[in-house]
Amino acid sequence: MNQLIRRLAVFSVAIGSIALLLSMFLSVGDVVGTQMGQPVPGALEFTESTMVLVVFGGIAWAQIRRSHIRVELVYLQVGPRMRSAMDIIASIAGILFFGLIIWQGAVEALYSWQIQEATSGLLRFPLWPARWILVFGSTMMVLQLLLDLWYDLTHFGNPHPVEFG
Amino acid sequence: MFDPATAAIIAIGLLFLLMLAGVHIGVAMGLCGLLGIYLSMGEFAALAQAGSVPFSTVNSFTLAVIPMFILMGSLATQARLTTDLYAAAHNWFAKLPGGLAMTTTMASAAFGAASGSTMVNAAVFTKMAMPEMTDAGYDKRLSSGSIASAGVLSAMIPPSVLMVIYAITTEQSVGKMLIAGIIPGLMTAFIFLGGIYVWAKLKPHHAPMPEHSVSFSDKIGSLKNTWGILLLFALVIGGIYGGWFIPTYAGAVGAFGAFLIVFMKRRADFATLRETFLEAILSSATIFLVVIGGMLFARFLTYTGLVSEVSDWLITQELPPFAYLMAFAVLFLILGCFIEPIAIIVMTLPVMFPVMMNVGYDPIWLGVVVIKMCEISLITPPVGLNAFVVRASSPVPLRLEQVFAGVLPFILMEVVALALLIAFPSLVTFLPSLIS
Amino acid sequence: QEFRLNFGHYLSNSPFVKVEQDFAKRVEERTDGRVKINIVYSGGLGKDSELLGLVGRGAIDMAAIVPGYYGDQLVYSKALQTPFVFSSPAQAIEIANYSFSELQPFKDEMERLGVHRLFHQPVDPYYLTGKTDACKSLDGLQGKKIRTFGSLIPHMMSAVGATPVTVPAGDLYEAVDRGTIDYSFVNLGNVNVYRLYEAGKFTCGPAMNIAGHLVVIGDRTWQRLPDDIKTIITEESVQAQKDYVAFVESSVATSSEAIKAGGGEIIAISPEMLAEWKEKTPDLLQMWVDELKGRGEGEGAAAVAQAWRERVDQ
Ligand code: NA
Ligand code: NA
């Protein structure tokens, strides 16, 4: 399970990297093209959807790498058992929050897919794939948080070492 | 259903508890925001907002500049522009009192012109300068303090992720905001140089003088390796200024420029490039989680009407403008001790921005003041992200207390810089006024 | 107070929304304070692209909806934003009112999305603003970079050889000022509010008359209101609709004066030039009908277009 989530997370970050690279080229192409009277259609819309892939594709990987931002004021002062307890609270809060996002995100994604939602510009760029990416990324995040919760419970009093940066 | 005030007390109380318990800031704000909406408006509102906000926040063209600015900094690091900058600054400053600390300050300020993130700056220069200063016999408080503080210069010197977030939160022009930071950023760098000089003069054993000397022609010679950074700066700022592209595209153009430099300097290898993109995505994901959570919490506060009530109440007090500014600064700096700056921006500005505009402050000037306070919050204990980054990425043994002891004088210098910006607003408004 | 209605607005609090503020005030007064309408500006409760979903799902009670943002939901309503169909804001509103009261597809659309239409914003005419007076003739627009939005306006610009460019509203002033685009294309009121006349001296128009946003109330909220309050809201909506048309007509004059006082120059586009422009552009209303054919709504759309053309020609 651990390995599967990890691979999926790496995979989605890899797709995100490629999309980010493409978005960079398209944007520069649009800048140059606009100067020459020939803008790149859909550069803006592609960039927007790329953002969903970058953020929600990266969110589980950020959790694996423990890089999400938290207030460590108390965390750094307390002993290992208390740290484990705090890790458990953090995981449960994350599961609740992303659980809600998955549920409602899926409602929106389904509707978006039914009406074949697309951007309203000259180019009809489909929006529903990005909405499903949000659901997929959040699902990976919840699975990773469940793994973390399992780790916290089975290693109570022996939490992950603290890292920064 | 609860009345808005009760719902607000419950949601804000729980927010503080969850944040202290170490829950991710974005998750804590998002969860408490949704709980607050549920308590005050009912389930339809809470569920619909949970479905709507995350997508609409992220699916944004304007915010797409953020991963690009981060990418630009990471690519510039991969092109080893940082190494060249450090070498050049070293040639110019090493013979001065506290010269190695000055070297770091100037190299980090210059790199700020290519990097949008303060943490990237701190991490890069810790790895480069910390061992060198330790070998030269520098006191670790001076070395780590100067690196952590020099890192925050990148928040003011464009490009800057924090500035984009301010501009979007307050609906200001991203381009004007970025250009407004140039003079205040350079000014702060020079104040740091002065502070380091005084420190080294007062405590010479903290900063022993190195033996070697550099010829003038070597000094000049080392400058020609810094063309990459100048090119990037000219590309991004010149492009906005010259109207080649809208500010929203500045990130993509800058990242593309850095990408080209990586190839021109023949420093492109697949593994490092992959790592560079990975870091950009990692940072973006962590930043956006905070922004999404902050947005949900802000929606809740808007529903309750408290934001407008508090703003209106503050406005009706008819205090002198300066009193409002001081109150805002004190609030911001206290929050800044404990909370990460993006979260403070998205939490406080919906209330404070209308108030500050009502008493007649300039929105771009206020933005620079806010960025200055963000800089301070990045190094104030107990939660100072840049101090954490320096400790975590130091190749030599270093304790967090040493870093925080080392940044204290720099916090004072930052307060001086803040006072100068308040006393002389034209330091901020001069360059943007040239645009229009 | 029994009913606090949260009204999500995408616009900021400005003189533009005065009619809507007056509407809210009158409803509050006539219901003796039983209803309080809380207008939240600048997307505080939801961005322009979110409001329809939020009001339909009951997250907010009322909203100002720009049909152009919801091309896949408001498939009929968005036709009210087609260039070269209406000759004045008042006519666009007249057709809008007729459509929502007489034409079944428009009623069905509101029902499907769970909202009840109260009234329409007549938006003041659209003008080109830029640094040169080349916009005074169609030939002058050849090769110019012009800011557009939506799916139809780009056709109108490329028809005269201009390049349609997408620019976020927040970047508009600088884009004109720095020459990233040659002309912006916004309604006259926004030329004034964004002070675009400072970035580009010359403002040419009117080039486009369309209907603006719809003010809607969610069905869930509407059904929960007692009949006497519904009656008051309905009556005040009719009044607001009348006030809005008069307001927009006078605001064109106010904006023109403010622009001229600020050093801007307004160049009138003659009806002949506009007719020629329309001639060069593909029939955009027919393009809309063709698009709806692809959605299985071809007959309904054709009937609407037919009814509109007849009414406009009268
Ligand atoms: Na920077
Ligand atoms: Na701090």
Side-chain angles (χ1 to χ4, degrees), chain B residues 1 3-4 37 40-53 55-57 59-65 167-177 179 238-250 295 298-305 307-308 350 353-354 432 435-436, chain C residues 1 4-6 8-13 36 38-61 63 69 114 131 145 147 165-182 194-196 198-200 218-221 224:
Chain B
M1 265 185 259
D3 70 278
I37 297 174
S40 55
M41 306 305 306
E43 60 179 285
F44 293 122
L47 293 180
Q49 293 286 5
S52 194
V53 169
F55 185 79
S56 78
T57 306
N59 190 52
S60 155
F61 180 60
T62 329
L63 280 174
V65 70
I168 289 169
T169 311
T170 61
E171 300 184 311
Q172 295 305 308
S173 143
V174 173
K176 274 192 191 170
M177 196 61 222
I179 286 170
I240 294 175
Y241 205 83
W244 302 333
F245 42 79
I246 52 177
T248 309
Y249 270 145
M295 185 63 89
R299 290 264 164 106
F300 158 60
L301 291 178
T302 310
Y303 269 118
T304 64
V307 176
S308 52
F353 186 74
I435 297 192
S436 53
Chain C
Q1 150 197 344
R4 180 187 164 88
L5 304 183
N6 284 309
H9 216 302
Y10 66 103
L11 291 173
S12 60
N13 185 355
K36 162 97 182 90
N38 173 41
I39 310 182
V40 176
Y41 300 99
S42 305
L45 287 178
K47 288 203 266 183
D48 40 24
S49 58
E50 292 177 86
L51 286 170
L52 180 62
L54 291 175
V55 71
R57 293 189 63 186
I60 53 178
D61 303 294
Y69 285 118
K131 286 189 182 302
K145 290 180 292 233
R147 186 254 183 165
V165 180
T166 315
V167 175
D171 285 337
L172 213 48
Y173 181 98
E174 280 174 279
V176 173
D177 190 42
R178 309 312 302 167
T180 317
I181 53 175
D182 297 301
Y194 291 148
R195 301 161 80 85
L196 291 174
E198 287 177 3
D219 279 345
R220 203 188 298 276
T221 306
R224 138 180 104 84

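In what follows, every heavy atom counts, from backbone to side chain, and hydrogens, waters and symmetry copies are set aside. All values derive from a computational prediction rather than experimental measurement. Within every chain, numbering begins at 1; the chains are lettered A, B, ... in the order of the sequence lines, protein sequences first and strands thereafter.
A search for side-chain contact (heavy atoms from CB on, under 4.5 Å) contacts involving C/Leu11 returns C/His9, C/Val17, C/His213, not counting sequence neighbours. Residues satisfying the salt bridge (Lys or Arg N to Asp or Glu O under 4.0 Å) criterion with C/Arg224, sequence neighbours excluded, are C/Asp61.
Of all heavy-atom pairs spanning C/Lys131 and C/Asp177, the tightest one is CE-O, 3.0 Å.
Neither the backbone nor the side chain of B/Ile37 comes within contact range of chain C; no heavy atom of the residue lies under 4.5 Å from a heavy atom of that chain. With a 4.5 angstrom heavy-atom cutoff, B/Phe245 touches chain C only via backbone atoms. Residue B/Gln49 touches chain C through both its backbone and its side chain, counting heavy-atom pairs closer than 4.5 Å.
Listed for the B/Thr57 side chain is a donor-acceptor partner under 3.5 Å among the backbone atoms of B/Val53.
When the candidates C/Leu45, C/Val167, C/Ile60, C/Asn38 are compared by the number of heavy-atom contacts under 4.5 Å with chain B, C/Leu45 comes out ahead.
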